[in-house]
There are 4 protein chains.
Amino acid sequence: MAESGRGRPRSERSRLAVLSATADLLIEGGLAAATVEAIAARAGVGKATIYKWWPSRGHVALESFFTRHAATATIVDRHESLADGLTAQLDALLDLMRNPPDAALLREIVALAQTDDELRAAFTEHWLRPRRTAVERVLRAAVERGEVRPDTDIAVTMDQLFGPLYYRLLMGHAPLDESLTAALLKQTLRAITR
Amino acid sequence: MAESGRGRPRSERSRLAVLSATADLLIEGGLAAATVEAIAARAGVGKATIYKWWPSRGHVALESFFTRHAATATIVDRHESLADGLTAQLDALLDLMRNPPDAALLREIVALAQTDDELRAAFTEHWLRPRRTAVERVLRAAVERGEVRPDTDIAVTMDQLFGPLYYRLLMGHAPLDESLTAALLKQTLRAITR
Amino acid sequence: MAESGRGRPRSERSRLAVLSATADLLIEGGLAAATVEAIAARAGVGKATIYKWWPSRGHVALESFFTRHAATATIVDRHESLADGLTAQLDALLDLMRNPPDAALLREIVALAQTDDELRAAFTEHWLRPRRTAVERVLRAAVERGEVRPDTDIAVTMDQLFGPLYYRLLMGHAPLDESLTAALLKQTLRAITR
Amino acid sequence: MAESGRGRPRSERSRLAVLSATADLLIEGGLAAATVEAIAARAGVGKATIYKWWPSRGHVALESFFTRHAATATIVDRHESLADGLTAQLDALLDLMRNPPDAALLREIVALAQTDDELRAAFTEHWLRPRRTAVERVLRAAVERGEVRPDTDIAVTMDQLFGPLYYRLLMGHAPLDESLTAALLKQTLRAITR
DNA sequence: CTGTAACCGAGACGGTACGTCCTGTCTTAAG
DNA sequence: CTTAAGACAGGACGTACCGTCTCGGTTACAG
């Protein structure tokens, strides 16, 4: 009953200015520099405009981060072997984590998400889920082919693949070096294949 | 000699008042409530005294947290079997993570540590390391007994045991239920035993 | 055009709340009690708002002080005789200095002004200048009437009228009693009239 | 009754170190830099030692200031003429006020004295009084010689001589130039001589 | 083609916490 | 009993952001 389309529409111009300003600030000074005030000033946008379209600065950063890394989520979609499929996903994530600016941002977003439930949900939904879904497809295909034991707990298996990467990223107790994904994969395959 | 013992000595009374006030605030409102200002006010202590002895509020919270959980680090010290030794450590950590106040605090400390290198180092050193050391001892003993393959990467194995717990704690993509440690253990043992 | 009138306009409500809170605090505890923090708290205003519109707490106190004493500056504006004109101005200032709260505040403002150039300039401009201008007009009129010697140094004459009052106020070496202005006037008239 | 000479005597070494450190700090950064903490640190003295022997930092500064300017108080002590005696005193004070570091310190001491009654008393007693006494002696001698009218208010006369100097020093509304004392003297003599 | 609703930039607002500085008091060990 | 050292409680400082608000002005659909 007339409710849509009335009034001035959202300015696409502002949306892009915000995301671009945020990306710049993130590069220059990390999430700490991407305050709402700084973003608004740099983008030539009112603070209220930001609050109107994003729930918090974390969401803006997240959207900016997603935009840059949309591709890596869906790397695996072909009839790859189990090992190749998993390797592709893990290496893509490891590469990202080994790029200092990306790693810093990822860490800071996870940090922010600990005190911002909405952000944590968004991160889980739009960052973790696609990657887990891709890996899950690979694993389920291998189960069907009989390569992987049918009683395997898929969720736990994925946690044992991804978990160690985030664990090292966040805690810094051990390096995220190139051999890591191979070692993870080796042990995991031994655990889940017949 | 001389140089030490000069001047008024540090007040143990204040130290305890700070830690006690912090513990109260953490319970009541989480890390967000444990501001330096609130701690100082509640403890009847000057802010400068806090800054003098702790580098940041995160360290105060960390010390308060450690004090409460000092015991769990060294649970395993007997001639336990491989499975029992690992289970004991993992379950102790899982129990802590399943206690909402502890879980919330742990998450917030990890979050703070992402933008406070000194805090991250302290957390790694005094929280992660003792637990990893205990598990490492169990694993090495099993290697020597011939239970575990000698070419096993101990560090990666520990990451596959602990990592998934922190991963689920921080991301919230899956529950931290009682069956988790069992599943982790089952897969890991299959991967590392002959 | 444009550029002015942009953004939310300054809140008159806040301005008045600040001045009123300051006046209260000055009465209750003198300038020492009128800290920026206390003013902000009492006025229900953010500290930043105070810093935005006043360079220092001294300026707030000064404005509050001015508001109360705006009238006394322009007492003399009629065709008064030389003696009456000067007496009116001096007595008005002496009355103020003999009122303990006003005297205390005046002393403290002068004190603050010694380490705050901007405040000293504001005090000179908005407190001293109007009073000196009024007296200067009286003196110049008397010069034109031939009552006062034409070679009289007007500035020094005013310093000899006002100076002793501030000198006694600030040093406290002698009382500011009612006979003071009469004595000052008597000697000064003897010095400057033919 | 044994009461004196017990225990360690006051350290003259410390007293001098404090005064010397204060003098240095006053030169370098004015009274603002001469905090009790800074003096103690520079002098290699405990803060408590300062508080034990001086009521406030203002008194330390005052003593340091006095030490440097002890001479000027008693310039006049010979059988000088009225004009010469007054001129000598006024010019000595004006010279001091025209020396920027001295002027700044004098202003700041007067400022501090507005909120420190003990300091104001000390300043009046040891700074103003000797100078006023010297001038008073000159004036009274002139009265006795019949040069000055016997009904002259000596105190007010001195206020009209000294007051304008402090007034200009503190308010800065007019310069403290060389002609000032001459003008003051000219008018004052016209007012008080027969 | 005019009214009106939703948007926009600018930026002021009340708040909260920050980390620093200084005060005046105190608690040691050394002399 | 004084001293140097220096820790202590307290309190104000001036700054930085937060998230909300109030302006004047713009945009575009609806009547």
Side-chain angles (χ1 to χ4, degrees), chain A residues 2-11 13-14 17 32 35-41 43-53 55-57, chain B residues 2-11 13-15 17 32 34-41 43-53 55-57, chain C residues 2-11 13-15 17 32 34-41 43-53 55-57, chain D residues 5-11 13-14 17 32 35-38 40-41 43-53 55-57:
Chain A
E3 183 51 273
S4 77
R6 290 232 296 179
R8 179 176 177 174
R10 174 175 183 182
S11 160
R13 199 180 173 291
S14 293
T35 64
V36 174
E37 225 140 60
I39 296 170
V45 144
K47 286 186 354 176
T49 302
I50 295 176
Y51 283 113
K52 177 146 191 91
W53 301 111
S56 73
R57 75 203 187 90
Chain B
E3 190 49 71
S4 80
R6 294 217 296 181
R8 179 177 177 172
R10 175 174 182 181
S11 160
R13 199 179 173 289
S14 292
R15 209 194 115 250
T35 64
V36 174
E37 222 139 65
I39 295 170
V45 143
K47 287 202 300 180
T49 301
I50 296 176
Y51 284 113
K52 176 148 196 90
W53 300 110
S56 72
R57 73 204 189 89
Chain C
E3 191 49 71
S4 82
R6 294 216 297 181
R8 180 176 175 173
R10 175 175 183 181
S11 161
R13 198 179 175 292
S14 294
R15 209 194 114 251
T35 64
V36 174
E37 222 140 65
I39 295 170
V45 144
K47 287 203 299 179
T49 301
I50 297 177
Y51 283 113
K52 176 145 195 94
W53 300 111
S56 73
R57 72 204 189 90
Chain D
R6 293 223 300 178
R8 178 175 177 175
R10 174 175 182 182
S11 158
R13 200 181 173 291
S14 293
T35 64
V36 173
E37 223 141 61
V45 144
K47 283 175 19 172
T49 302
I50 296 176
Y51 282 113
K52 179 151 188 89
W53 301 110
S56 73
R57 74 203 186 91

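Just so you know, these numbers come straight off a predicted model, no measurement behind them. By convention in this document, chain letters (A, B, ...) are assigned in the order of the sequence lines, proteins followed by strands, and residues within each chain are numbered from 1.
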Set of residues satisfying side chain to side chain contact (heavy atoms under 4.5 Å, CB included) with respect to C:A40, sequence neighbours excluded: C:K47, C:I50
Sugar-phosphate only, base, or nothing, as touched by B:R57 at under 4.0 Å among non-hydrogen atoms: sugar-phosphate
Any residue meeting salt bridge (charged side-chain N to carboxylate O under 4.0 Å, His left out) with C:R57, in chain and number order, not counting sequence neighbours: none
Partner residues of A:P9 under the side chain to side chain contact (heavy atoms under 4.5 Å, CB included) criterion, sequence neighbours left out: none
Contacts of A:A17 that satisfy side chain to side chain contact (heavy atoms under 4.5 Å, CB included) - sequence neighbours left out: A:A43
Residue-phosphate contact under 4.0 Å: A:S14 side-chain N/O, E:dG9 OP1/OP2: yes
Proximal nucleotide (of E:dT23, E:dG9, E:dC13) relative to the D:V36 side chain: E:dT23
Partners passing side chain to side chain contact (heavy atoms under 4.5 Å, CB included) against A:R10 (at least two apart in sequence or in another chain): A:R15, A:W53, A:W54
Comparing C:R10 and D:A32 on DNA chain E - which has the more 5′ nearest nucleotide: C:R10
Minimum-distance nucleotide to C:Y51 side chain [options: F:dT15, E:dG9, F:dC8]: F:dT15
Closest-nucleotide ordering on DNA chain F, the 5'-leading residue of B:A41 and D:A41: D:A41
Under 4.0 angstrom between D:T49 side-chain N/O and F:dA4 OP1 or OP2: yes
Whole-Å distance separating the CD atom of C:E37 from the P atom of F:dG10: 15 Å
E:dC8 phosphate, OP1 or OP2, under 4.0 Å from A:W53 side-chain N/O: yes
Nearest non-hydrogen partners of C:S14 and C:S11, listed with the distance: N-OG, 3.0 Å
Between the protein and nucleotides 26-30 of chain E, which nitrogen or oxygen pairs come in under 3.5 angstrom?
unit_1: E:dC26; atom_1: O2; unit_2: B:R8; atom_2: NH1; d: 3.0

Closest nucleotide among E:dC13, F:dA4, F:dA12 to the C:K52 side chain: E:dC13
Any A:T35 side-chain N or O less than 4.0 Å from OP1/OP2 of F:dC17: no
Atom-pair distance (CD1 on A:I39; P on E:dG9), nearest Å: 14 Å
Length of the CD1-P vector between A:I50 and F:dC18, whole Å: 9 Å
Value in whole Å for how far the P atom of F:dC21 lies from CZ of C:R13: 14 Å
